[in-house]
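Here is the structure we will look at.
Quick note on labels: first sequence line is chain A, next is B, and so on, each numbered from 1.
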Amino acid sequence: MRQSNTYIIVFSAILTVILGGLLSLAAVGLGPTQKKAVELDTRRQILSAVIELKDGDDVLSIYNERIKSLVVNIDGDVVKKTESGGPIIAENVNIAKEFTKAPENRLYPVFTLKNANDTSIIDAYILPLYGSGLWDNIWGFIALEPDLTTIRGAKFDHAGETPGLGARITEIEVQGRFKGKKITDDLGELISVKMLKGENNDSGKLDDYHVDGMSGATITSNGVNNMLENYLKYYQSYLNKISDDGTVASLNK
Amino acid sequence: MSTETLEKPVQTAPAEPLLSKRRKKFLTDPLNDDNPITVQVLGICSALAVTAQLEPTFVMAIAVVVVATFANLIISSLRNLIPNRVRIIVQLAIVASLVILVDQVLKAYLYDVSKVVGVYVGLIITNCIIMGRLEAFAMGNKPYDAVLDGLGSGFGYAWIILAVAFFRELFGSGALFGFKVFEAIGLENFPTNGLMVTPVGAFIVLGFIIWVQRAKTGYVEN
């Protein structure tokens with residue numbers, strides 16, 4: 001009886017229903033907690049591009065206090081509503097999903113860091129980045145000083161770069177190399193910052209627009225370079241707008 | 001004469017103690033003499049991949065123990081119901097469901113760690129240790145014994161990857177569980193070994209562990 005086709009089919013069907021039900025129950029039950037964990041992680045990443053977070057810091061309250069967010073399009077205009085009329089929240093814009101659209105159709109969130117004492121002063125602009133590494137996607141945030149050219153901090157993450165090689169883009173030390181570099185020349189033309197090939201390059205090569213590379217991870221470095229250059233280009237019209245308006249330091253007034 | 005025809009009370013075998021000698025072997029054999037990684041050489045890929053640091057390794061170890069134990073328990077309870085012709089796919093479905101559950105729980109409560117081990121947790125499904133124990137043990141033994149066997153195999157896997165991770169993090173990053181050990185004892189400039197961070201380092205450490213173990217137990221491959 002245990003070997004008959006009917007028994008096998010019935011057994012498999014029951015097993016499938018039980019396991020399927022169990023998994024959907026778990027997915028529904030844990031969904032809200034997972035969503036919260038992802039939101040917290042996004043905020044932590046945004047903040048850690050500009051502030052050194054310690055263990056035990058209340059990320060959410062710091063975030064709510066210091067960060068003001070908006071969404072712009074490729075032309076640098078602020079977008080507040082979706083095509084269907086719903087509100088757009090910068091934190092909920094899925095950069096990975098936007099990345100699959102054509103650049104001119106994407107939404108570009110901007111996170112501004114307010115001064116701790118005077119909230120009308122903006123201390124930094126944090127821009128999300130997304131691109132391709134060697135094995136999988138890479139992403140991150142770049143923080144610009146209010147002069148809109150000096151890099152205040154960078155934060156990178158990856159889906160599947162090689163541990164010890166490309167995955168080093170998540171190391172604080174590697175990210176710190178971008179600090180103080182410049183993305184535009186004196187006339188305001190975009191140059192972007194490039195990671196060099198190889199590590200321990202001559203300090204002569206490490207000018208305002210170049211940082212030391214990661215040995216054995218040239219393709220990941222190139223991915224970072226392309227990602228930075230592309231996204232800085234996409235944000236260019238917005239950055240030009242705010243610097244032309246002279247509202248750089250007082251956007252929220 | 002009459003005594004011979006008297007009914008004798010039915011002799012029942014005394015219940016086996018919960019941890020009899022035979023059962024203890026299920027628990028202790030995989031720890032050393034029959035270790036899944038160093039002797040059976042199973043589950044090597046995840047042993048290389050997740051062991052760069054102790055914290056993700058620890059989570060991975062717990063995940064494998066949980067999956068191995070519960071998979072053994074479920075399969076062993078169902079062993080008389082599972083049709084022989086589809087037993088592998090039944091085992092696979094149950095292991096996969098358990099792994100997805102573990103993965104979901106990690107994503108909800110240990111998001112940082114799950115970002116690191118997420119890929120490998122999914123690959124527990126293909127971890128030969130688990131399917132191997134199901135097919136070799138759980139299909140033919142009672143649930144309690146199967147649980148002990150699952151725990152034994154799980155811990156046998158766990159202690160090896162934790163040992164590998166200990167040396168890899170110590171020499172590769174100079175830290176243990178992220179705590180900078182060498183800085184704490186005043187050796188600020190202790191050179192870290194980049195090789196230990198890469199999977200190659202795991203091969204080397206694992207090789208040493210196997211060497212030491214076989215030197216002690218005298219195990220020889222035939």
Report which part of [X] has an atom under 4.5 Å of a heavy atom belonging to chain A: side chain, backbone, both, or neither.
{"X": "Ala52(B)", "value": "neither"}
{"X": "Val90(B)", "value": "both"}
{"X": "Leu195(B)", "value": "neither"}

For [X], does the [atom1] atom sit with more than 12 other heavy atoms under 6.0 Å from it, leaving out its own atoms?
{"X": "Lys194(A)", "atom1": "NZ", "answer": "yes"}
{"X": "Tyr209(A)", "atom1": "OH", "answer": "yes"}
{"X": "Tyr130(A)", "atom1": "OH", "answer": "yes"}
{"X": "Tyr109(B)", "atom1": "OH", "answer": "no"}
{"X": "Tyr111(B)", "atom1": "OH", "answer": "yes"}
{"X": "Phe70(B)", "atom1": "CZ", "answer": "no"}
{"X": "Ile219(A)", "atom1": "CD1", "answer": "no"}

note = Of the listed Leu22(A), Leu40(A), Thr16(A), Val38(A), the one with the largest count of heavy-atom pairs under 4.5 Å with chain B is Val38(A)
query = Given that the side chain runs from C-beta out, which part of Leu15(A) has a heavy atom under 4.5 Å from chain B: side chain, backbone, both or neither?
reply = side chain
task = Of all the heavy-atom pairs spanning Lys107(B) and Ala37(A), show the shortest one and how long it is.
result = O-CB, 3.8 Å
ask   = To the nearest 0.5 Å, how far apart are CD1 in Ile8(A) and CD1 in Ile82(B)?
value = 12.0 Å
key: Contact check, side chains of Thr33(A) and Gln104(B), non-hydrogen atoms, under 4.5 Å   = no
Intermediate values then yes/no, side-chain contact (heavy atoms from CB on, under 4.5 Å), Tyr7(A) and Leu81(B) = CA-CA 10 Å; Tyr7(A) 180 81; Leu81(B) 295 173; 3.7 Å; yes
